[in-house]
Amino acid sequence: MMPQWLEMFGRIDRRIIYLAIAAAVALPLIFPLNLPLAITKNSQSIFDRIEALPESSSVLIAFDFDPTSIPECQPMAIALVRHVMKRGLPLIVYTNYPETGPIADRILENLAKEYNRTYGTDYVNLGFKPGNDALLLSLGSSWTAPFPNDQRGQVTAGMPIFQHCPNYRALSYMVDIAHGATVDFYITIGLAQFGVPLGVGVTAVNVPQYEAYMQTNQLTGMLGGLKGAAEYEKLVGKDGKATRGMDAQSVAHIVIIILILLGNLSILPKWLQKRKSRAEGR
Amino acid sequence: MKNNLAILLCGLCGLVIIAAFFLNSPVTTRMQDVLTEWVIVLAGFSYLMGGFSILISHSMRISRRAESWFYSLVLISCLVGMASLGIFVDNGPNSLFQWLFANVQNPMQATMFSLLAFYVTSASYRAFRVKTWLATLLLISALLVMIGKVPIGEIIWSKFPIIAQWILTVPSLAAQRALLVGSALGLIATGLKTLLGIERSWLGR
């Protein structure tokens, strides 16, 4: 006979659950556990791609996320920009979200100072323009026609960075850091029509969807959620917010699993009683 | 007549984009560029229309003193205030506009999304119950993926990440592919129907 007190595990107050998850997230951020992190093939392949690019190969990083996804996407963006700037490859940045131009600007400015890169020559932030897939089609002919001015309001025509890379087709590699469906039109237009190899950084919830394109080799690599960002931080040799966040995510997952198991333990007495009465009825 | 002209224009524009995709000639590419420039301009106007629409609907709520009209007032003040700062004052990297955006808008949006962690935990606790064998299957898969996708999972048992990856790349992906192929076929059918003038809901009927 199972003890009836097990049933109380099914009635845990939601405020206790909220407190438990808050503690599970906050405590590892205050007292890091420094859990070891293995690098997955999907992250390694983006790193290897960028590492293998010849000098002066232009790279595009699209910042297709807004503040809601900053915890997952911003560390990816920082690690990727760091890698491209460290290698000294020309870097073009733009976004399909109106909120993200200034976010990209701050990241680029900080890292450009660190690696002594010049705006307009080594990197540029084109900012936001509406149009999504229509904009991408347009970029196939020119960067400067749809973006006559950049995020800072400077005139883009004549910028040295566009001399070797006048349009999207001339890119050597492209990474879309996305929290939505923008990846789809980089696959259908950027990759299929313009032939530019593509890697992506997506939020954890989107990983199963884009795993299909990894298997068909349409994507050269994929950073998946905070873990993907943490892996890339390890690859570029500079731990950041994602690495610290992985401890919090680990503990939070354990807490959720424990709560789910407790919830199921609570229905055990009822289930056993039902089974017993069914056996007696027979 | 007016409708037929719109359908004809829509079909022609669609054909130009399709031709540019397959032919890759300078003529079709130039035509595609002109069309996409128009789309970008139109998309810009949609933002303007959205702004006006918000302004009008919330102004009406305030004038009617509708329920929670005060929030409409806050919304309009913020909309007009931020737009004025950006357009008439300065929107450069060190401007008040950017400061407000980085220190008010960004944290607010991030906070709203962060609340999901609490709701998802509470919902998982209540919903993931072993009631049928299908629910059990879902529960076991979810637990394995959750534990296999974080570093602590590998410390507990080195096979957890491999099992989690297998769940994601075999059974889960099979279902994902079915969805992808299904939606792609639906998209092609809808596209063709629109280009041929069979689908006319975009005309407002």
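Protein chains get the first letters and strands the later ones, always in sequence-line order, with residue 1 at the start of each. Computed from a predicted model, the values in this text were never measured in an experiment. What you see below is based on every heavy atom in this structure, not just the backbone, and it leaves out hydrogens, waters and symmetry mates.
Within the 4.5 angstrom heavy-atom criterion, atoms from both the backbone and the side chain of B:Arg129 approach chain A. For B:Ile40, the parts sitting under 4.5 Å from any heavy atom of chain A are the backbone and the side chain alike. For chain A, the nearby parts of B:Gln109 are the backbone and the side chain; heavy atoms of each come within less than 4.5 Å. Interface remark: B:Phe21 contributes backbone and side-chain atoms alike to the contact with chain A (heavy atom separation under 4.5 Å). Heavy-atom distances place no part of B:Leu179 under 4.5 Å from chain A, backbone and side chain included. B:Arg30 does not touch chain A: none of its heavy atoms, backbone or side chain, sits under 4.5 Å away. Using a 4.5 Å cut-off between heavy atoms, B:Ser172 contacts chain A through its side chain alone, with no backbone atom that close.
Once rounded to the nearest 0.5 Å, the distance linking CZ of A:Arg169 with OG1 of B:Thr29 reads 5.5 Å.
Not a single donor-acceptor pair under 3.5 Å links the side chain of B:Tyr47 to the backbone N or O of A:Pro130. No donor-acceptor pair under 3.5 Å is formed between the side chain of A:Glu211 and the backbone N or O of B:Leu173.
With sequence neighbours excluded, no residue satisfies side chain to side chain donor-acceptor pair (under 3.5 Å) with A:Asn264.
For the pair A:Leu261 and B:Leu143, the minimum side-chain heavy-atom distance is below 4.5 Å.
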